[in-house]
2 protein chains.
Amino acid sequence: MKVTVYEVARAAGVSVATVSRALNGGPVAPATRERVLAAARRLGYRPDRLAQGLATGRSRTVGVVIPDATGPLYGQMQRGLADVLTAAGFGYIATESRRDPGREAALLDEMLARKVEALVLVGSGLPVAALRARFSALPPLVLIEREGAAAGVPTYQIENEAAAYRATRALLGAGHTQVAHIKGLRRAGREREAGFLRALAEAGLKPAALAAGDFTEEGGYRAARALLARGGFTALFAASDRMALGVYRAAFEAGLRIPEDLSVVGFDDLAFAAYLTPPLSTLRQPAYELGRRAGEAVLSMLGGETPESAVLPCAYVARASVARKGGAV
Amino acid sequence: MKVTVYEVARAAGVSVATVSRALNGGPVAPATRERVLAAARRLGYRPDRLAQGLATGRSRTVGVVIPDATGPLYGQMQRGLADVLTAAGFGYIATESRRDPGREAALLDEMLARKVEALVLVGSGLPVAALRARFSALPPLVLIEREGAAAGVPTYQIENEAAAYRATRALLGAGHTQVAHIKGLRRAGREREAGFLRALAEAGLKPAALAAGDFTEEGGYRAARALLARGGFTALFAASDRMALGVYRAAFEAGLRIPEDLSVVGFDDLAFAAYLTPPLSTLRQPAYELGRRAGEAVLSMLGGETPESAVLPCAYVARASVARKGGAV
DNA sequence: CCTCCCTATGTAAGCGCTTACATTCCGAGG
DNA sequence: CCTCGGAATGTAAGCGCTTACATAGGGAGG
């Protein structure tokens with residue numbers, strides 16, 4: 001039989017109001033509270049979150065929408081989010097939009113129906129203005145890797161441009177003057193490219209070659225093959241580690257050695273990067289931190305504050321895939 | 001202002017009961033239903049899941065507990081689960097146990113408080129019997145990669161033993177007679193080892209060497225170094241792709257070529273496997289399928305049926321990391 | 001010793017929905 | 001033409017909890 005506040009009240013010899021207050025830190029005499037807690041424990045009472053939510057209008061749930069759950073860094077981000085949210089007694093429901101606007105809208109609908117108290121939107125998706133237009137009553141919004149600062153929404157992103165700039169500088173610092181780049185998709189891709197270009201421009205250089213990629217191994221491989229066929233560079237900055245892996249393969253097939261013939265830098269610092277041959281120099285994304293910050297932002301917004309947006313730094317991890325300039329390709 | 005059934009009822013000129021029935025497929029005259037739906041749409045009515053849950057006792061939510069969200073295959077599994085669950089109008093809340101029994105229990109507590117209608121438990125964790133003992137009223141359980149068939153709980157697992165057996169056979173088929181193995185952790189690790197040993201035993205062979213690993217690159221690297229220092233094998237089966245990557249590194253450092261000097265097989269078929277140099281032969285885990293099957297099991301249990309447990313096959317993916325027997329290490 | 005006020009507790013009204021039961025209205029069968 | 005049964009709809013009672021408001025009981029201040 002289901003244990004409700006009534007059972008607890010009866011067992012403790014008080015009213016349900018007192019039980020509720022005792023359980024939620026309301027004003028109750030210490031002795032009474034003790035009695036109530038004891039009774040609740042003895043009966044194995046477990047408050048019904050649905051009923052609580054209905055009564056208070058607060059579900060203690062936040063909704064998370066991500067474009068692609070299979071992304072390698074998403075797990076860490078989720079962990080950061082979960083760590084702070086669960087510590088605060090919040091649960092969360094996460095879903096994948098698959099970068100489909102219609103699907104994203106449907107997901108949001110469902111989350112609103114579930115009365116989420118805040119929404120964390122990760123990655124590309126409908127612009128904030130469109131969301132506000134489509135959904136009348138939106139809960140507090142927090143964005144990760146998504147445009148929204150303009151709309152006054154707290155946004156947490158990684159430092160793409162500056163990180164790419166630093167990576168490129170590392171290549172230049174090793175004496176390379178002919179450096180190529182394999183671009184990524186979306187805003188992250190554009191920003192990384194911008195940092196790349198800025199570093200070159202500052203050094204009075206032009207990119208030796210540029211190719212479009214899609215963040216995958218296969219995309220990196222194809223792009224690298226095309227680039228290598230034309231040659232003219234001694235270093236290459238790939239916008240993601242996965243693409244850098246494709247570059248390794250293409251270089252191998254072309255009979256090029258890394259880093260002797262070609263220096264390579266990636267982006268993300270996935271688990272495998274440190275174990276490639278040679279270990280890949282790359283930029284470490286603060287994925288966990290991103291989630292943590294977003295979680296804290298949610299909490300502070302719920303507390304009526306207005307958290308600041310932030311751009312988190314990526315650390316450049318120097319490994320053996322970059323060498324001082326050797327022979328040109 | 002919040003739109004409730006009452007508003008819709010008034011707008012449609014009917015009672016709330018009729019609204020509810022019209023919305024949920026109850027017995028209502030076609031014309032009336034039309035009128036209600038129109039009113040609901042016009043007002044932008046969105047049923048409150050919390051209230052629905054409270055009233056019906058069914059939350060249309062399932063809880064998912066995984067040991068580690070950062071696992072590379074977890075995203076796919078989650079997708080499989082989500083695909084079938086959302087199609088059926090279910091939401092899900094996912095959380096990480098971090099392999100901590102206390103934490104797992106707390107998570108389950110919270111999920112029960114949220115009135116999940118079913119629980120999907122992934123990977124290692126408290127035994128079913130312990131759960132039943134600790135939690136009085138457990139909803140239907142479905143397990144993935146976790147012990148439970150004995151307790152009559154539908155369980156979905158991948159074929160570890162047989163897959164490892166096939167991988168080992170592939171090595172033997174290539175003429176290798178001295179083959180080493182780097183073990184994994186937990187049940188998956190034990191089963192893979194068992195398959196490995198069975199294949200050897202059937203061929204009248206003994207393992208050339210055995211080392212313990214932990215499924216990580218670093219663990220694989222360490223184990224491979226130790227193994228390589230002693231030598232005596234021409235092929236190696238690593239219980240995970242990540243460990244195989246560590247093997248690649250150790251082999252490189254030892255001046256060994258793969259596959260000329262050493263054939264390697266991994267397990268998982270992570271995205272990077274196909275792009276290593278040489279591409280890694282491995283076993284493809286049906287992660288999405290695992291999630292999908294579990295989702296279907298949840299649905300069928302909720303429908304009063306008793307789904308069958310299943311062990312899903314892994315496909316052996318032959319790539320260039322395995323060659324016919326060359327020189328011994 | 002009597003108010004007054006504050007504190008501890010109780011009473012009861014919802015929160016938004018579903019659903020058992022009651023009611024109404026018809027057409028069919030006698 | 002009356003009655004009966006079923007279909008369509010309405011009424012109202014919860015689901016388990018929180019919380020505004022009411023009540024009771026003291027101690028402090030006069």
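Reminder, nothing fancy here: chain letters follow the sequence lines and each chain counts from 1. All figures in this text were calculated on a predicted structure; none of them were measured in a lab.
Atom C1' of nucleotide C:dT18 and atom CG of B:N24 are separated by 8 Å, given to the nearest angstrom. Taking atom CG on A:L50 and atom C1' on D:dG14, their separation rounds to 15 Å, with Å as the unit. Between the OH atom of B:Y45 and the P atom of C:dT18 there is a distance of 6 Å, rounded to whole Å. Between the OH atom of B:Y6 and the C1' atom of C:dG16 there is a distance of 7 Å, given to the nearest Å. Residue A:L43 contributes atom CG, which lies 15 Å from atom C1' of D:dG16 at whole-angstrom precision. In this structure, the CZ atom of A:R114 is 15 Å from the P atom of C:dC17, given to the nearest Å. The distance from atom CZ of B:R58 to atom C1' of D:dC15 is 13 Å, rounded to the nearest whole Å. If you measure from atom CG of A:D48 to atom P of D:dG14, you get 18 Å, rounded to the nearest angstrom.
Side chain of B:S15, nearest nucleotide from D:dT11, C:dG16, C:dG10: D:dT11. In the set C:dA12, C:dT18, D:dC17, C:dT18 carries the atom at the smallest distance from any side-chain atom of B:S20.
Between B:Q52 and C:dG16 there is no side-chain polar atom (N or O) within less than 4.0 angstrom of OP1 or OP2.
A:S309 places a side-chain N or O within donor-acceptor distance of the main-chain N or O of A:T155, the cut-off being under 3.5 Å.
Residue B:A29 is classed as a sugar-phosphate contact, given heavy-atom separations below 4.0 Å to backbone atoms only. A:T18 comes within 4.0 angstrom of the backbone, heavy atoms only, and of no base. Residue contacts shown for B:T56 are limited to sugar-phosphate atoms, with no base heavy atom under 4.0 Å away.
The existence of a salt bridge linking A:K115 and B:D48 is confirmed by a sub-4.0 Å separation between a basic side-chain nitrogen and an acidic carboxylate oxygen. B:R187 has a carboxylate O that lies under 4.0 Å from a charged side-chain N of B:E147, or vice versa, which qualifies the two as a salt bridge.
Residue whose closest nucleotide on DNA chain D sits further toward the 5' end, between B:R33 and B:A51: B:R33. When the nearest nucleotides of DNA chain D are assigned to A:V19 and B:P27 by heavy-atom distance, the more 5′-ward of the two goes with B:P27.
Between the side chains of A:E289 and A:Y156, not a single donor N or O lies within less than 3.5 Å of an accepting N or O. Side-chain contact annotation: A:R49 with A:Q52, donor-acceptor N/O pair under 3.5 Å present.
Looking at B:R21, its side chain comes within 3.5 Å of the base of D:dG10 through a donor and an acceptor atom.
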